[in-house]
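Let me begin by presenting the structure, written as structure tokens, before commenting on it.
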Amino acid sequence: FFVHPCTAMAPDVAAIDAEIRRSCHQSAAVRLDAVRKLGEIGTAGAVEAAVARMRGEVEPDVEVREAAVSAVSGRGIASEFVDELVLALRDGAAPVRCRAAQVLAEIPELDQSASEALLPLFEDEADSVRAAVIETVSALMLREAEEPVARLVTDEAAFVRVLAVDALSKFGGAAHLDVFVDRCKKDPEAYVRLQAMAAIRALGTKAAAVVPEVAKPCLAHADQGVRIAALDLVKIAGPAAAELKPQVCKCLRERDLSVKRAALEGIAAMEVEAVEEVAASLTDEDSYIRRFAASALAKMGPAALRQREKIVKLLEDSDDSARLSATKACASMALSGDVGVEEQVAVLEQLSATLERDTCHVVRWAALQAIHELYSTRREETTVAEPVVALCGRLTTDGDEAIRYLAMRILSGCGPETSVVGDNVLPLVKDEDARVRQAAIRALSTMDEEGLVGLDVRDRGQRRTKGNVVTMQYVKKVEVEPDRLATLLRSRMNQTAPAGPPRSIPGSPDPKAVTMPLPSLS
């Protein structure tokens, strides 16, 4: 009975007539089969014949009437049968009313009479009909139905309450925030609470003020999903949910990994001090838990130094992501608050050891970036500056071009004291990576000539810094791309060596930005 996709031949008229005659058969089973086939044919005449069986005075069988309503669906012709569908809304059988309401949702612009015909269904005795009318008015965004929908959030059927909450969220959740809060706190069904929390979560930070009120009872709920959803709200609220620290920390002691993960993320978002509670998770068997425990500690500032030994131990973890988080945590501890020089030197030593020991590119890069930031804050302290300069000197032979590049960028901001590693830097002017070559020239331009052993220093009478003169002569001596590299240096000829952090040069990004392709860590 289908139109052939290649020949586009119309269905056999005789066959259609046969099905129309069968739709009047005395057997309900035959009529049902005929109506369904007429709906499958889908021509105007076939659908008209099927629709004729919608009327109760014509068709006594409920299943046949429901099939007749379904014959209109999915063909883009529902608007041609509005009167019949409205009539079906008043059918004595709930399945027919339910299906009619669902099909009306396919009409983008319902007229006033059809919209008003839907409103009595909010008081329908059948749960399925009330659910169907909620979905229909939600799909059509019928504002006049917003109040009836709001009444159904306390419906006796849980799935009707879920649909009502979802519909109110689509209508405009902010206006119904008090309804969502009430359902989160009082509804006996877990999945209704979940839907209400999803509606609150959709509002984002606009609903942050109600999160403590909502999440507190949900964090103690027996259902695991409800507890996780409540922790998700805590993450969105951030510091506004700080009063929930005891409840969130209690979730860290649960056996379920999903709850523990969400709790760690919540603590990090709240920015509260829970060093001891979080540190216990640094030795968890799950790498994700260890990783997020370190991330949470990183946001606790100097207080996390109380658990420095555990964090340092995590620097040797088998999981790359955990080591990366531990590296960032160490840097955060050393750079926040009023941390003393001794503590910073200790962290610097650990980061240096990680950089020289670790095999993961991203972890090593993060460690060197942290060292860079630490040096920038303590460049006047010899106990910090000297180890950093020595470390960068050793990194000139590192196999990773990104590490060599960043090491040169650090040295370019260290000033004349970097001359002690001048011999290490010189070969990088011929490095195979262009950015490393550029960074090496910049580092050399900040040094005194004493650090550049074995070079003939001339042109001292010119108005140039000694380091620039020496570097220019070295570039010429080793015949390394004089056009491009020398041009970069000439732009600095009449400038003194920078005293602050490295400034950008043509073709080079900010020193704190990732300048080389880095593999991602999940």
Side-chain angles (χ1 to χ4, degrees), residues 298 301 311-312 315 323-337 339 341 343-358 360-422 424-425 428 431 433 435-447 497-505 507-518:
I311 298 175
V312 168
L315 290 172
R323 296 199 307 279
L324 178 62
S325 293
T327 300
K328 293 180 178 180
C330 286
S332 178
M333 287 188 300
L335 293 169
S336 59
V339 179
V341 176
E343 289 84 357
Q344 289 183 324
V345 171
V347 172
L348 176 63
E349 292 174 354
Q350 296 297 336
L351 291 173
S352 299
T354 297
L355 178 62
E356 299 190 273
R357 175 186 65 241
D358 209 287
C360 177
H361 173 53
V362 180
V363 174
R364 299 184 73 231
W365 174 268
L368 189 53
Q369 274 195 314
I371 291 170
H372 186 187
E373 294 177 18
L374 187 57
Y375 168 76
S376 297
T377 62
R378 293 288 189 179
R379 65 172 65 247
E380 73 283 355
E381 298 288 345
T382 56
T383 53
V384 173
E386 290 180 359
V388 170
V389 171
L391 173 66
C392 290
R394 295 194 299 273
L395 293 176
T396 56
T397 58
D398 195 273
D400 189 331
E401 66 272 14
I403 297 298
R404 297 196 302 276
Y405 167 78
L406 185 53
M408 293 303 97
R409 293 303 301 263
I410 295 173
L411 287 178
S412 68
C414 293
E417 64 267 22
T418 60
S419 298
V420 295
V421 294
N424 304 67
V425 176
L428 292 188
D431 195 273
D433 188 278
R435 288 187 174 181
V436 175
R437 296 194 296 270
Q438 295 169 19
I441 284 184
R442 182 172 183 176
L444 289 169
S445 71
T446 67
M447 299 180 184
R503 293 172 294 183
S504 61
I505 58 176
S508 296
D510 185 89
K512 293 184 180 181
V514 176
T515 58
M516 299 284 182
L518 297 176

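- For the residue pair I311 and C330, the shortest heavy atom distance occurs at CG2-SG, 3.8 Å.
- In this structure, the side chains of L355 and L351 stay at 4.5 Å or more apart for every pair of heavy atoms.
- Residues satisfying the salt bridge (Lys or Arg N to Asp or Glu O under 4.0 Å) test with R357, not counting sequence neighbours, are none.
- To the nearest 0.5 angstrom, I371 atom CD1 is 11.5 Å from S376 atom OG.
- Here the closest heavy-atom approach between residue V421 and residue V389 is recorded as CG1-O, 3.7 Å.
- Taking all atoms of both residues into account, the shortest heavy-atom contact from A402 to W365 is O-CZ3, 3.2 Å.
- In this structure, CD1 on I410 lies 10.0 Å from CD on E373, to the nearest 0.5 angstrom.
- A side-chain hydrogen bond (donor to acceptor under 3.5 Å, both in side chains) with D431 is found for exactly one of Q438, R404, R437, namely R404.
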Show me the side-chain donor-acceptor pairs of residues 392-399 shorter than 3.5 Å, one per line, residues at least two apart or across chains.
from, atom 1, to, atom 2, distance (Å)
R394, NE, E356, OE2, 3.2
R394, NH2, E356, OE1, 3.2
T396, OG1, G393, O, 2.7
T397, OG1, R394, O, 3.2
D398, OD1, R364, NH1, 3.2
D398, OD1, D400, N, 2.8
D398, OD2, R364, NH1, 3.4
D398, OD2, R364, NH2, 2.4

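- Residue pairs that meet the salt bridge (Lys or Arg N to Asp or Glu O under 4.0 Å) test with at least one member in residues 324-333, sequence neighbours left out, do not exist here.
- Minimum heavy-atom separation, A366 to L324: CB-CD1, 3.5 Å.
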**Message:** I'd like to know whether L411 forms a side chain to side chain contact (heavy atoms under 4.5 Å, CB included) with M408, so could you lay out the CA-CA distance, the side-chain angles of the two residues, the decisive distance to 0.1 Å, and finally the verdict.
**Reply:** CA-CA 5 Å; L411 287 178; M408 293 303 97; 3.5 Å; yes

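- In this structure, CG in L315 is found 5.0 Å from OG1 in T327, a value given to the nearest 0.5 Å.
- Remark: A298 engages A329, S332 in a side-chain contact (heavy atoms from CB on, under 4.5 Å) (not counting sequence neighbours).
- Annotation for A407 and L368: closest pair N-CD2, 3.9 Å, computed over non-hydrogen atoms.
- Take Q350 and apply the side chain to side chain donor-acceptor pair (under 3.5 Å) test, not counting sequence neighbours, and it matches no residue.
- Scored by the side chain to side chain donor-acceptor pair (under 3.5 Å) test, D358 finds R323 as partners (sequence neighbours excluded).
- Looking only at side-chain heavy atoms (C-beta outward), L348 and P387 come within less than 4.5 Å of each other.
- Between the side chain of E401 and the backbone N or O of D433, no donor-acceptor pair lies under 3.5 Å.
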